[in-house]
Amino acid sequence: MTYSLIAKDPDTGAIGLIVASRFFACGARVPCVGARSAIASQAFSNPVWGTEGLRRLETGEAAQDVLDDLVQRDKGRAARQAHLMDATGGFAAYTGADCVDWAGHRIGDTHSVAGNMLTGPDVVDATFEAYAAALDLPFPERLMTAMEAGERAGGDKRGKQAAGLVIHQGQSHAWLDMRADDHADPLAELRRLYDVAAERYLHFAQAMPSEQNFSGNPDRAALDAAIAQADAQRKAEGRTSRSFASDPA
């Protein structure tokens, strides 16, 4: 029902997980991401693989050890699929024998891709290779570009419905968390949401408190100035806002 990508940005250390599916709200069901690790639990998904798996990965357990234990304990293992990245950047993946064809996964040094109910293995390969070829792009755009390549290669064989993107920048809380739960073109909707986020939200996110800086940067004047500069640049480039937000009546 799903294909997903987990990656760690080698430049910033940010961790991203992006997913698309012909399944409602896959962006809420599949990703579990933390400050140092991530896991995608999909196919006939077991949410505890995500929650318990992430908790253990964040404490330093190796991805393969965590995955082996989850698989061994789960009587529904044959219908499960998961891939995960541990706190050292190590990856592991599992595709159960009863996952609906086409189903499989691919692991690299900096990213992993897994999918099931796909049109064929080209979906996983196209997603994997497009991410590796897009290292010049900002991390969120790299993740979206890779998934779009997978969609062009066939994607979910049942069609499209939902997508989600989660990025953490070394914190337990997300730097960016976007979802299209029920949409005719969910990856395109993620693109629109990212454009809207760039108008205000991403500037606010840069000023958010962190575990290292408990107060963050609460200087509203600096935030407003950054937003105004970005707005002026967008208008100078002839780009209009893609937001659906309304102005006061």
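Values in this document were obtained by computation on a predicted structure and should not be read as measured data.
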Hey, are Gln233 and Glu237 close enough side-chain-wise for a donor-acceptor pair under 3.5 Å? yes

Do you know the tightest heavy-atom contact between Thr95 and Ala103? CG2-CB, 3.8 Å

After noting the C-alpha distance and the side-chain angles of Gln206 and Trp175, does the key distance pass the side chain to side chain contact (heavy atoms under 4.5 Å, CB included) rule? CA-CA 8 Å; Gln206 290 302 111; Trp175 171 74; 3.0 Å; yes

In terms of heavy-atom contacts, does CZ of Arg200 have more than 12 from other residues, nucleotides or ligands at under 6.0 Å? no

Are Leu5 and His111 side-chain neighbours, meaning at least one heavy-atom pair lies under 4.5 Å? yes

Carefully, step by step, assess Arg56 and Asp65 under the rule salt bridge (Lys or Arg N to Asp or Glu O under 4.0 Å). CA-CA 10 Å; Arg56 293 170 61 179; Asp65 292 343; over 6 Å; no

Is there a path of hydrophobic side-chain contacts, each under 4.5 Å between heavy atoms of I/L/V/M/F/W/Y residues, joining Val196 to Ile18? no

Less than 4.5 Å apart, any side-chain heavy atom of Leu176 and any of Tyr194? yes

Report yes or no: does Gln171 contribute a side-chain atom to a donor-acceptor pair with the main-chain N or O of Glu211 at less than 3.5 Å? yes

Could you tell me if the side chain of Leu165 sits less than 4.5 Å from the side chain of Leu190, heavy atoms only? yes

Six-ring centre of Phe244, Arg192 cation under 6.0 angstrom, axis tolerance 45°: yes

May I ask you to decide if Asn116's main-chain N or O and Gln42's side chain share a donor-acceptor pair within less than 3.5 Å? no

Exam field: side chain His168 to backbone Gly170, donor-acceptor pair closer than 3.5 Å: no

Which atoms form the tightest heavy-atom contact between Arg80 and Ala43, and what is the distance? C-CB, 4.1 Å

Would you give the length of the straight line joining atom OG of Ser112 to atom CD1 of Ile107, rounded to the nearest 0.5 angstrom? 6.0 Å

Pairwise distance CZ(Arg55) to OG(Ser37) - rounded to 0.5 angstrom: 12.0 Å

When you group the ILVMFWY residues by side-chain heavy-atom contacts below 4.5 Å and let the links chain together, are Phe204 and Ile227 in the same group? yes

Approximate separation, where rounding is to 0.5 Å, of Ser45 OG and Phe23 CZ: 6.5 Å

Using atom types as modelled and distance alone, determine if a side-chain donor or acceptor of Thr12 lies under 3.5 Å from a backbone N or O of Ala14. yes

Charged N to carboxylate O below 4.0 Å: is that the case for Asp136 and Arg142? no

Assess whether a salt bridge exists between Arg73 and Glu52, defined as any Lys/Arg side-chain N lying under 4.0 Å from an Asp/Glu carboxylate O. yes

Measure the shortest side-chain to side-chain distance between Leu137 and Thr145 over non-hydrogen atoms and say whether it is less than 4.5 angstrom. yes

Could you tell me which non-hydrogen atom of Cys99 sits nearest to which non-hydrogen atom of Gln81, and how far apart they are? SG-CB, 4.1 Å

Report yes if some heavy atom in the side chain of Met117 is under 4.5 Å from a heavy atom in the side chain of Thr2; otherwise report no. no

Side-chain touch Arg22/Lys157, heavy atoms, less than 4.5 angstrom: no

Would you mind reporting whether Arg234 and Glu199 have side-chain heavy atoms less than 4.5 Å apart? yes

Salt bridge (Lys or Arg N to Asp or Glu O under 4.0 Å) for Lys160 and Asp156? Distances and angles first, verdict last. CA-CA 7 Å; Lys160 299 179 284 188; Asp156 188 318; over 6 Å; no

Contact between Val124 and Arg106 at the side-chain level, heavy atoms closer than 4.5 Å - yes or no? yes

Does the side chain of Ser4 come under 3.5 Å of the side chain of His83 through a donor N or O and an acceptor N or O? yes

I'd like to know whether CG of Asp109 has more than 12 heavy-atom contacts from other residues, nucleotides or ligands below 6.0 angstrom. no

Between Asp98 and Arg77, does any NZ, NE, NH1 or NH2 come within less than 4.0 Å of an OD or OE carboxylate oxygen? no

Please test Glu129 against Val113 for side chain to side chain contact (heavy atoms under 4.5 Å, CB included), starting from the C-alpha separation and ending with a verdict. CA-CA 10 Å; Glu129 292 164 10; Val113 180; over 6 Å; no

Rounded to the nearest 0.5 angstrom, the CZ-CD1 distance for Phe139 and Ile15 is 8.0 Å

From Ile6 CD1 over to His105 NE2, what is the distance, rounded to the nearest 0.5 angstrom? 12.0 Å

Where do Glu141 and Arg191 come nearest, in terms of heavy atoms and distance? O-NH2, 3.9 Å

I need the minimum non-hydrogen distance between Ser172 and Ala35, along with the two atoms involved. N-CB, 3.9 Å

Under 3.5 Å, side chain of His203 to main-chain N/O of Ala198, donor-acceptor pair present? yes

Nearest heavy-atom approach of Lys8 to Tyr131 is O-OH, 4.0 Å

Whether Asp86 side chain and Ala62 backbone form a donor-acceptor pair below 3.5 Å: no

Any side-chain donor paired with an acceptor under 3.5 Å for Gln64 and Asp68? yes

Hydrophobic cluster (4.5 angstrom, side-chain heavy atoms) - remaining members for Tyr94: Ile39, Trp49, Leu54, Leu57, Val66, Leu67, Leu70, Val71, Leu84

So does Thr88 get a backbone contact from the side chain of Arg36, meaning a donor-acceptor N/O pair under 3.5 Å? no

Hey, mind stepping through Thr119 and Trp102 against side chain to side chain contact (heavy atoms under 4.5 Å, CB included) and telling me if it holds? CA-CA 6 Å; Thr119 57; Trp102 186 88; over 6 Å; no

Look up atom CE in Met208 and atom CD in Gln169, then write down how far apart they are to the nearest 0.5 Å. 8.0 Å

